[in-house]
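Some notes on the structure that comes next.
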Amino acid sequence: MPELPEVETVRAGLERWVSGRTIASVEVMHPRAVRRHLAGASDFAGLLAGRTILGARRRGKYLWLPLDSGDALLGHLGMSGQLLVQPVEAPDETHLRVRLRFTDGGRELRFVDQRTFGGLAVDPGGAELPHPIQHIARDPVDPLFSDTEFIARTRSRRTGIKRALLDQSLISGVGNIYADEALWRSKLHWARPTETLTRPAVALLLASVRGVLGDALLAGGTSFDSLYVNVNGESGYFDRSLAVYGRRDEPCPRCGTPIRRDPFMNRSSYTCPRCQPRPRNARW
DNA sequence: CGCGCCTCCTGTGTGC
DNA sequence: TGCACACAGGAGGCGC
């Protein structure tokens, strides 16, 4: 699933392959892919045609392409979204949702999304920071991310620490996979009440978050050397580096205890029962 | 207002 | 063999 490292890999690919190019035409094959563009698919296409893409930016798991009109093409990959740069003659993907062709006649940009949780929209005047994502917190690799503020806000929460990590208005870019990995590195259980964490404990957790995101980013960088804008987060190279996520009953890399899976928010949490014992005052 | 549950969606895997 | 169902999960929206 695309979390910050995967989305950053895509952003770098867009910067390389579509920045500076002018959009000729836009084809929306599935209306759900542009459902966040409330004015509809034809309005979406009309705002893009003739516009030049100035760059590729990211906040957390959101991507946007600033346009020469001052608008932004905003995108979220959801769980299965891909932005692919393909030769115009390449056959359509099964789940192709949106196609952008360019005036130079070169490779086209395709939004492909099996489960359609992702989508694209044009935000008028949003080139600097699209309006729909102004509530999204800075991500922990953003130079302007405030550690002090994050620590204070986390400790003032009244929830479990994993819920806090997944809250994109507190810290963005972290999803289920990297939350579990960071908690394991910090030896914290997912149900640990946020208000019982000391400042140093939250600081250590933040360092773990940055560590796991950075490691994944390095792995993503190595695989991103093709003509594609690679978004294959689910079967990625970083799988081998995961300590706990998806590893039920396998030995903890630190102590050998079998990894445990717990239901959490209609999904899963993976922990080492020995390194990350469940707190008595568990909160979830 | 803070918190937490529900829902959107479809392909894959599993058990009977 | 085929069917039913659990599961994967980001994030907006809404209820309490």
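Scope of the values below: all heavy atoms of this structure, side chains included, with no hydrogens, waters or symmetry mates. Chain identifiers are assigned alphabetically (A, B, ...) following the order of the sequence lines, protein sequences preceding nucleic acid strands; residue numbering begins at 1 within each chain.
Rounded to the nearest 0.5 angstrom, A:C252 SG and A:W184 CH2 are separated by 5.5 Å.
A straight line from CZ of A:R163 to C1' of B:dC5 spans 8 Å, rounded to a whole angstrom. Separating the CZ atom of A:F117 from the C1' atom of B:dT7 is a distance of 8 Å, rounded to the nearest angstrom. Going from atom CG of A:D113 over to atom C1' of B:dT10 covers 10 Å, rounded to whole Å. If you take CG of A:L4 and C1' of C:dG10, they are 14 Å apart, rounded to a whole angstrom. Atom P of nucleotide C:dA6 and atom CZ of A:R261 are separated by 12 Å, given to the nearest angstrom. Summarising the geometry, the separation between CZ on A:R97 and P on B:dT10 is reported as 7 Å, rounded to the nearest angstrom. For the pair A:L170 CG and B:dG4 P, the computed distance is 13 Å after rounding to whole Å. One atom, CZ of A:R32, and another, C1' of C:dG10, lie 12 Å apart when rounded to the nearest Å.
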Contacts under 3.5 Å, N or O only, protein and nucleotides 11-15 of chain C:
{"residue": "C:dA11", "atom": "OP1", "partner": "A:H76", "partner atom": "NE2", "Å": "2.1"}
{"residue": "C:dA11", "atom": "OP2", "partner": "A:K61", "partner atom": "NZ", "Å": "3.2"}
{"residue": "C:dG12", "atom": "OP1", "partner": "A:Y62", "partner atom": "OH", "Å": "2.6"}
{"residue": "C:dG12", "atom": "OP2", "partner": "A:H135", "partner atom": "NE2", "Å": "3.2"}

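Taken together through direct or relayed side-chain contacts under 4.5 Å among Ile, Leu, Val, Met, Phe, Trp and Tyr, A:M265 and A:Y270 form part of one hydrophobic cluster. No single ILVMFWY cluster, assembled from side-chain heavy atoms under 4.5 Å apart, contains both A:V209 and A:Y62. A continuous path of ILVMFWY side-chain contacts below 4.5 Å connects A:F102 to A:L48, so both sit in one hydrophobic cluster.
Salt bridge A:D113/A:R97: absent, no basic N to carboxylate O contact under 4.0 Å.
One finds a side-chain N or O of A:S268 lying less than 4.0 angstrom from the OP1 or OP2 phosphate oxygen of C:dA8.
Among the heavy atoms of the strands, none lies under 4.0 Å from A:S80.
Comparing A:T94 and A:R157 against DNA chain B, the residue whose closest nucleotide sits nearer the 5' end is A:R157.
Between the side chains of A:S25 and A:R101, no donor N or O sits under 3.5 Å from an acceptor N or O. A donor-acceptor pair shorter than 3.5 Å cannot be found between the side chains of A:Q82 and A:E93.
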